[in-house]
2 protein chains.
Amino acid sequence: MFSFSEENYLKAVFHLERKYKGGVSTNALAEEMETKASSVTDMIRKLSDKQLVIYKKYQGVKLSEKGRATAIEVIRKHRLWEFFLVEKLNFNWDEVHDVAEQLEHIKSEKLTRELDKFLGFPKRDPHGDPIPDAEGNFSVSNKLLLSELDKGQTGICVGVKDTSADFLRYLDKNKIALGKTVEVKDIEDFDNSMLIVIDGEELRISQAISGNLFIKM
Amino acid sequence: MFSFSEENYLKAVFHLERKYKGGVSTNALAEEMETKASSVTDMIRKLSDKQLVIYKKYQGVKLSEKGRATAIEVIRKHRLWEFFLVEKLNFNWDEVHDVAEQLEHIKSEKLTRELDKFLGFPKRDPHGDPIPDAEGNFSVSNKLLLSELDKGQTGICVGVKDTSADFLRYLDKNKIALGKTVEVKDIEDFDNSMLIVIDGEELRISQAISGNLFIKM
DNA sequence: TCAATTTTTTAGATTAGACTAAATATTTTA
DNA sequence: TAAAATATTTAGTCTAATCTAAAAAATTGA
Ligand SMILES: [Mn+2]
Ligand SMILES: [Mn+2]
Ligand SMILES: [Mn+2]
Ligand SMILES: [Mn+2]
């Protein structure tokens, strides 16, 4: 059907559309894909010819319905595999991304459907991101960043914005995990660092941390 | 590490070495890979440059130790994934090959190791072929073809030579499965067809069938 | 508003892997 | 043992996906 590269571009456009509502720019896409703008222009043309994106020169791209469905299907597979790796194969949540980047391109409807069933139709991946169902539907919960909480407020960790291994291992090291309750004890005006309580233990975290942890109140 | 194409060629050389002991010819490889001899020559050069095969012009190829280890690793993954699909995801044995052809190229040592463990270190894939262990070791049992049995002899089905969906579905339809006992009731001289007994039922099979079913006595 | 800066596209190359057609080497057979 | 047949390699082309450098369009801001 589509090449790995085409699928990766579609996924990138999908993720960037949240931020760039009026159309995703060539440069934004080049940065996301870690490639050159000229390469992006080439690929955009190709995706446009295949009716996967809507493109007018110098105006950026948007996903077509077909492009969006394809992107969501790839994301569904990525997250299902991440769930599989953590739940069944003893992977830690900081180890799954690169493998899922490969597995998301395996083409087999039956495989995806049966994997989903085998895993019990999970709703969220190990990083708290929603897993689209077979029809491409997924919940967008109204979570907020820990950094947006005020002193005295309490919430539950439900996801991470940054999914880098470094950040995830920091969280592991400090016993911060999805599902746990955090309370904002104090906020330092100077650097916006926070004193939080988690598992009854006090912990001081920088804004680099609180700005990458999703909370539900 | 290596491209999908390189891995597929190595696998093909590995399988063909059984038949062509003195070196696998360009044409044999071209047929196995369903490609042209000229493409094979190109790839052989590349594999030779990478020290994966031993090659002298016009003399065919053999795997180097490094090439053999790589081929075995790919075959290990292929068969582990086939086992996974049948045992955990409700695939039938005639549906697994194409998906395994994709999955065998996923690069992650941890994934292979943990999948193996998760599956309970299986020794054989759904078609009766041995699954190499993490060190690349696997048993080569001395099975023979059903067509080699004489009238009156009995054996257990342990594998299939042809793994095409058509053949496997024929076996399913006729209740022939690995592990079952077959008895050769009669052999027709004219066309070598056999009258066999399986599950207490008589069945007449052509040589196309008996020549593709492995038996252990 | 128009020159400078930034963004995007175009032009031209490169690499992997495949193909066709032609050349050359090897093997078979008369 | 020399044609004939077959197998293999070489030469040249093609496509997908990438790159660099240059050109062109859009945006910014003095
Ligand atoms: Mn991921
Ligand atoms: Mn994830
Ligand atoms: Mn197979
Ligand atoms: Mn198999």
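Computed over heavy atoms, backbone and side chain alike; hydrogens, waters and symmetry mates excluded.
Atom NE2 of H105(B) and atom CG of N8(B) lie 3.5 Å apart (nearest 0.5 Å).
Here dA25(C) is the nucleotide among dT8(C), dC19(C), dA25(C) with the atom lying nearest to any side-chain atom of Y58(B). Side-chain proximity of K57(A) to dT9(C), dT18(D), dA18(C): nearest is dT9(C). Nearest nucleotide to the side chain of A37(B), out of dT10(D), dA18(C), dT9(D): dT9(D). Out of dT9(D), dC19(D), dT8(C), the shortest distance to the side chain of T26(B) is found at dT9(D).
Note on Y55(A): a side-chain N or O is less than 4.0 Å away from OP1 or OP2 of dT9(C).
Here T41(B) lies in heavy-atom contact (under 4.0 Å) with a base. Contact annotation for Y9(B): backbone-only contact, meaning every heavy-atom pair under 4.0 Å involves sugar-phosphate atoms and none involves a base.
Under a 4.0 Å N-O distance rule, the pair K50(A)/E6(A) qualifies as a salt bridge. The residues E32(A) and K19(A) are annotated as not salt-bridged, no charged nitrogen and carboxylate oxygen being separated by less than 4.0 angstrom. Ion pairing of E82(A) with R79(A) is absent here, as no side-chain N (NZ or NE/NH1/NH2) approaches a carboxylate O to less than 4.0 Å.
The base of dT20(C) is paired with the side chain of S38(B) by a donor and an acceptor separated by under 3.5 Å.
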